[in-house]
Amino acid sequence: MPSRRLRPTAAFWSAATLLVLVLAASGVPSPLYRVYQERFGFSAGVLTTVFGIYAIALLAALLVVGRLSDHVGRRPVLVVGLLLQVVSGVLFLAADGVGWLLVARVVQGLSVGTLTGTLGAMLLDLQRRDRPLAAMLNSASPTIGLSIGAVGAGVLVEYTGEPTRWVFAPLVLAFLVATAAVAVLPETSPRIPGSLASLRPQVGVPRAHRAPFLVALPCLVATWALGGLYLSLGPSLAVGVFGVEGHLVGSLLILAMQGSGAIGSISMWQVLPHRSMLTGALLFAVGVGITITALATGSLTLFFVASAVSGFGFGVGFLGALGTITAGVAPSDRAGLLSSVYVAGYLAFSVPAVVAGIAVGHVGLRQTAEVYGAVLIVLTLIAVAGLLRRRRVVRQETAVEQAEPVAA
């Protein structure tokens, strides 16, 4: 008797749910960083290193296995990635020092790197032609997942005596169930030769997508870098700059940014990519400007407003950037191109945050965050200028093509 598989629509939303679950798990440690810092007694520099090593492991997985599912199929790669999530949860439960914490984050990073490109490509495979939701879900899932993970963990930190157990034990069970559920997902990518060759670390952007990728890159870097700052040092900013001692406030700051990012992605998904990227980038720059003002004045209320505005800009801008980059991508290039986008995003997510953590020890938390924000504004304005220039060139080329038949 043939095995039963979910219909395309049900499989599409199941893949979207798995992607949100994976990214929620990746956001869970953020509210716990202060707990681990108090328990194990390490500095802000070590804290951002724990955060950064996760992103480095994630990047390694993207570079090595980012294109593998284009060759061996989506389902085998999903099973391996989900089992790695189970292992990382067990390691978090067993952690009794910084060493274990680093190992747990490495395994989690390998899992997320394996799963994001694969699940994102599966969404592209399964989406309906008359309702292309994959770009929206790929851009909204990080913000939705991180919001759920951060706030859920923050509540448990605030109101339970053993938050790590209450956080990671349910996650281990959830990922065991998710691994079993892969059996009912349809295989959406045929097996093609070259699986071993695909494991060579490389970032592959097809020639036709290089120009839009370069235009969108400063926007990707700026938005993801702010996300890295919030998820690594956001709870520390709440304490060090605004004097708020509760663990939940740091999680709510992450929610303000990531949650509004999700709203932005969902509300603007039908807008043309170049328009949403331009709108998002400008809103993001305004939000980061408000952030700098909030840091300078010490206003927590203004900081929440800034988080919401910059988060909305992040969601809209990333949606537009992703749509601009992936428009018309061939099926055989989908996982590889998405992996390249995530490589750029997670480099921006991790490296600046680690540098900021080191800088905190020398110039202080407030000053580091202010300079960080100013750099992000400059990058965003570069993206706006590049996008406007590209649109002008495209219009000129179109005008010339339309005029040539008339001239003939």
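For reference, positions follow the sequence shown, starting with 1.
Smallest separation of non-hydrogen atoms from Leu319 and Ser265: CD2-O, 3.4 Å. Closest approach of Ile325 to Ala216, counting heavy atoms only: CD1-CB, 3.8 Å. The minimum heavy-atom distance between Pro142 and Gln258, with the atom names listed, is O-OE1, 4.2 Å. Considering all non-hydrogen atoms of both residues, Leu91 and Trp100 come closest at CD2-CZ3, 3.4 Å. Across all their heavy atoms, Leu133 and Gln127 have their closest contact at N-OE1, 3.2 Å. The minimum heavy-atom distance between Gly27 and Leu146, with the atom names listed, is CA-CD2, 3.5 Å.
Atom CG of residue Leu376 and atom CG of residue Leu381 lie 11.0 Å apart, to the nearest 0.5 angstrom. Once rounded to the nearest 0.5 Å, the distance linking CG of Asp125 with CZ of Arg74 reads 4.0 Å. Taken from CH2 in Trp13 to CG in Leu123, the straight-line distance is 9.0 Å, to the nearest 0.5 Å. Remark: Ser26 OG to Tyr54 OH distance equals 3.5 Å, nearest 0.5 Å. Remark: Leu23 CG to Ile144 CD1 distance equals 10.0 Å, nearest 0.5 Å. Here CG of Leu59 is found 9.0 Å from OH of Tyr346. Values are rounded to the nearest 0.5 Å.
Contact annotation: the side chain of Val384 never approaches that of Phe284 to less than 4.5 Å [non-hydrogen atoms, C-beta and beyond]. Contact of the Leu295 side chain with the Phe242 side chain is registered, since non-hydrogen atoms from C-beta on lie closer than 4.5 Å. Two residues are said to be in side-chain contact when any heavy atoms from C-beta on lie closer than 4.5 Å; Leu18 and Leu185 meet this criterion. Residues Leu226 and Phe314 are not in side-chain contact: their nearest non-hydrogen atoms beyond the backbone lie 4.5 Å or more apart. Side-chain atoms of Gln85 and Val112, non-hydrogen and from C-beta on, do get closer than 4.5 Å to each other. Side-chain contact between Leu19 and Leu137 is absent, with no heavy-atom pair separated by less than 4.5 Å. Residues Val271 and Val316 are not in side-chain contact: their nearest non-hydrogen atoms beyond the backbone lie 4.5 Å or more apart. Under the 4.5 Å side-chain criterion, counting only non-hydrogen atoms from C-beta, Thr164 is in contact with Arg39.
Between the side chain of Ser147 and the backbone N or O of Gly259 there is at least one donor-acceptor pair closer than 3.5 Å. Under the 3.5 Å distance criterion, the side-chain polar atoms of Arg5 are matched with a main-chain donor or acceptor of Ala183. Thr143 places a side-chain N or O within donor-acceptor distance of the main-chain N or O of Ala262, the cut-off being under 3.5 Å. In this structure, the side chain of Thr380 does not engage the main chain of Cys219 through any donor-acceptor pair within 3.5 Å. Ser111 contributes no side-chain N or O that, together with a main-chain N or O of Leu84, makes up a donor-acceptor pair within less than 3.5 Å.
Within a 6.0 Å radius of CZ in Arg275, no more than 12 heavy atoms belonging to other residues, nucleotides or ligands are found. More than 12 heavy atoms of other residues, nucleotides or ligands shown are found within 6.0 angstrom of CZ on Arg210.
Note: Phe349 and Trp224 have perpendicular aromatic rings, judged against thresholds of 30 and 60 degrees for the angle between ring planes.
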